[in-house]
Undergrad: 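Once you've had a glance at the structure underneath, I'll fire off some questions.
So you know, we letter chains A, B, ... as the sequences are listed, proteins then strands, and number each from 1.
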Amino acid sequence: MRSNGAGMVTPDMAGEEVRIAGWVHRRRDLGGLVFLDVRDRSGLLQASAGPGWSSPEAMEAVRGLGPEDVIGIRGVVAPRPEAARNPDMATGDVEVQITELEVFNKARTPAIPVYLPPEEELPSEKLRLRHRVLDLRRHDLQARLILRHRLVLEVRNFFHEQGFVEIETPMLTKPTPEGARDFLVPSRVHPGEFFALPQSPQIYKQLLMIAGFDRYVQIARCFRDEDLRADRQPEFTQIDVEASFVQPEDIYGWCEGLMARLAEVAGIEADPPFLRLTYQDAMERFGCDRPDLRYGLEIGDYSDVLGALDSNILRGAIAKGGRIRGLHLAGGARLSRKQIDAIERAAKAEGAPGLFWAKIQEDRATGPMGRFFRDDTSARLALSPGDLILAAAGPDRVTSPALDAARRASIQALELPRTTAHAWLWVTGFPVFEEGADGTMGANHHPFVQPHPDDIHRLDSDPLSVRGLAYDLVYNGTELGSGSVRVHDADLQARLLGMLGLSEDEIATKFGFLLEALRAGAPPHGGIALGMDRLAAWLSGGTSLRDVIAFPKTTAARALYEGAPVQVGAAELAALGISVGGSE
RNA sequence: GGGGCUGUAGCUCAGUUUGGUUAGAGUGCCGGUCUGUCACACCGGAGGCCGCGGGUUCGAGUCCCGUCAGCCCCGCCA
C-alpha cells in the first residue's frame, strides 16, 4: 500500500513515483492548488494537488478532506521551488505531487486536536486520556513510547549478553500479608478463594535462584492497590533482576553498565561508577535516603557553636540529647522574610517545630537566631556577610526530614545552579527494620533482606540498628531501583518473619513454600528491581509516568478511555461466590 | 482518609475579586473566494446544562453548602 514512510522522503528521490499512506495533518486550500501535510509514524510530508498533475478525481477528493482522514496517495517526488521550501520541516525541501488519491477512512472532527498551533496549550489531561487514541497520534508521545521500546530492547540485550535468562512468573499468585494492598482475583473454580496480582515477582525470582537459574531478569508487570502519584501507577513495570553467588558489588556493576547503555540510547550522560553513600551518611548530610545530588548544598552539625548560645530552646535541645543541624546558605541573606518563611513552612510540614535562622550582615547578625550571636559566632561557623544560616534543633529523626525539606525549598528559593544535569547515586546499608508509627516493627524494604554480617549479633538486643545488605539506586533525587542480598538460610528467614510479628502458624501458611525452598539447598543470592516506567519517563525528559504509558490510569485509579473499573452483574458475582456490600 | 489547584463553545482561555441588559476572544467546525501555501489569506455563518445538585437573592458563570471529575501533595506505597 505504500512505498515509503512520509518522513522518509528525501530530495534525492526527486522524480520517483511514491505511494504514501497516513493521516491528514493539515490542509491548506488555495483554491486552484491544495496542500496537504500527510502524517505517519515516520513524520510529516507535504503533498500538493493541482490541475497540472493531479487527476480530476484526486482534485475533487482532496477538497473534501478533513483533519485525521486516512488516505493513500500516489505521486511523484518533486523538489519544491526555492522560495517555497520550509526549513522548519524535516522534509521541507520536497513534496509529493499527487496523481491519485484514495480515501481509506473519513474521520470525525477530532475531539481534541492532534495538530497543535505553536504556543497552544495541550488539552487537559482528562481529555487527553479520554481521547487517548488521538493524543497518542502526537509526535511527542509517539517519540516517548518509541524511546521506551528502544530502552526495553537494550535492557534485554544487555542482560542477555551478561548471561541472564528472562523467565516469566505468574500473574495469578498468592496474596501477601504485608506491604502494599493486593489486587484480588476471585477464583470461579474455588468459590470464596482468591488469587492476588503480584506486587513484584520477589519470591518467584528467589525460587528461580534456588532452582539453579543463576541469573534471572524479567521485564515484569507489577500491581499495587495504593493511591497514585505522578510517579506511581497501580500497574507498573519493573526490570526485575536476581543472581546467585553474588555480592552487592556484582549488582552495582551490572546496574551501572546498564545505565550507561540506556543513557547512551537516550542521548544523555551517565558516567559510572556512581557515587555511593551509606544510608547513615545520606541522612546525616542530606536528611533523606534519596538526596538530589544535582545540588551541592549539605547539612552541617552546628551543635557546639549554636548550642552554646544564650537561647533556652537551643540549649534545651542539646540537653535532651538532640543536636543542632542546619544549612549554610552562601548569599542567602538576600532572601526575603517571606521566602524564609516559606522554607520554614516546608520544614514544619515535615514535623519540625520551627527553624532558627540568622542573616549575616557586615557588622552583626540579624533574624530570630542572629540576636543570640556572639562576636565570634559567625567566624566559628565560617559565615560571611551576605550568608544565611538555617538550623533545626532536636533529635535526628525530627531534624533530618525537616532539613531535607528546607534544603529542597532553599535550592528552589535561591535558584541554586545545578552542578550536573544527571546525578546517579547508590545508597547502601539501609536498616533491616523500621519502627512503625504505632511502635510495631516492620520491614524497611521487605522481609527477605540479609542482615549485615557485622550487625547480625544485635538482632535481638538492638534490632533497629541492624543494617541490611540493601541498596537503592537514586537518580536526581528519585528512587529508581531498590534491591538487596536475600536471606538464604531458612532458620534465619523464619526468625526474621517472627520478629515482624508473624506467628509460627502464619509463617507456615504464608511463607511455608519459601522456607521449604530455602531448605532444599538455596544459593546465596541477591538482586534489584528498577522502575522501568520511571526510567523511561526521566530519560525521555518527562516527569509523569502517564507520558510513557500508552493507556495509564488517572490519579483516582480509573481508565478513562475504556472506562474501568465497572460494576459487574449479580449473575457474574454469584458464579464467583461473591456478594458486594454497601459503601459501609 | 486529608489538604491544595482546576472545571465557561469541539479545543485553549478571559469573565468570578465588587451578583445586574443578549456570556466573550483565539482556534477549530460549516459555507464562499483564492495556483506556492506551510499557524495560508480574505468574506460570511453556526456553535453554550458556565461540571452536577441544592440554597441565598428581585436577580447567580460570579456568593454559600454539598457532590463528581482531572491534576499536585500528605497519609499510604516493603
Undergrad: Counting heavy atoms from C-beta on, name the nucleotide in G70(B), A39(B), U37(B) closest to the side chain of Pro117(A).
TA: A39(B)
Undergrad: Under 4.0 Å: is that the gap between some side-chain N or O of Thr555(A) and OP1 or OP2 of C71(B)?
TA: yes
Undergrad: Taking the basic N atoms (NZ, or NE/NH1/NH2) and the acidic carboxylate oxygens, is any pair closer than 4.0 Å for Glu242(A) and Lys205(A)?
TA: yes
Undergrad: May I ask you to decide whether Arg224(A) forms a salt bridge with Asp182(A), counting only side-chain N to carboxylate O separations under 4.0 Å?
TA: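 Between Asp182(A) and Arg224(A) there is no salt bridge, as every charged N stays at least 4.0 Å from the carboxylate O atoms.
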Undergrad: Between G15(B) and G7(B), how far is it from one C1' atom to the other, in whole Å?
TA: 15 Å
Undergrad: Both distances below 3.5 Å, Watson-Crick or wobble geometry, any strand: find the nucleotide opposite G31(B).
TA: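 Base-paired to C43(B).
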Undergrad: Between C64(B) and G47(B), how far is it from one C1' atom to the other, in whole Å?
TA: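 Looking at atom C1' only, C64(B) and G47(B) are 33 Å apart.
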Undergrad: Taking only the side-chain heavy atoms of Glu120(A) (C-beta and beyond), determine which of C71(B), C11(B), G36(B) contains the nearest atom.
TA: C11(B)
Undergrad: Among G75(B), G10(B), U37(B), which nucleotide has an atom closest to any side-chain atom of Arg229(A)?
TA: G75(B)
Undergrad: For the P atoms, the ones on G2(B) and on A39(B), what distance do you get once it is rounded to whole angstrom?
TA: 49 Å
Undergrad: Between the side-chain atoms of Arg28(A) and the base atoms of C34(B), is any donor-acceptor pair under 3.5 Å?
TA: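 No, no donor-acceptor pair under 3.5 Å.
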Undergrad: C76(B), G36(B), A39(B): which one has an atom nearest the side-chain heavy atoms of Glu226(A)?
TA: C76(B)
Undergrad: Counting only side-chain heavy atoms from C-beta out, which of C77(B), U12(B), C72(B) sits nearest to Leu127(A)?
TA: U12(B)
Undergrad: Is it true that Asp455(A) and Arg458(A) make a salt bridge, defined as a side-chain N closer than 4.0 Å to a carboxylate O?
TA: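 Salt bridge flag = yes for Arg458(A) with Asp455(A).
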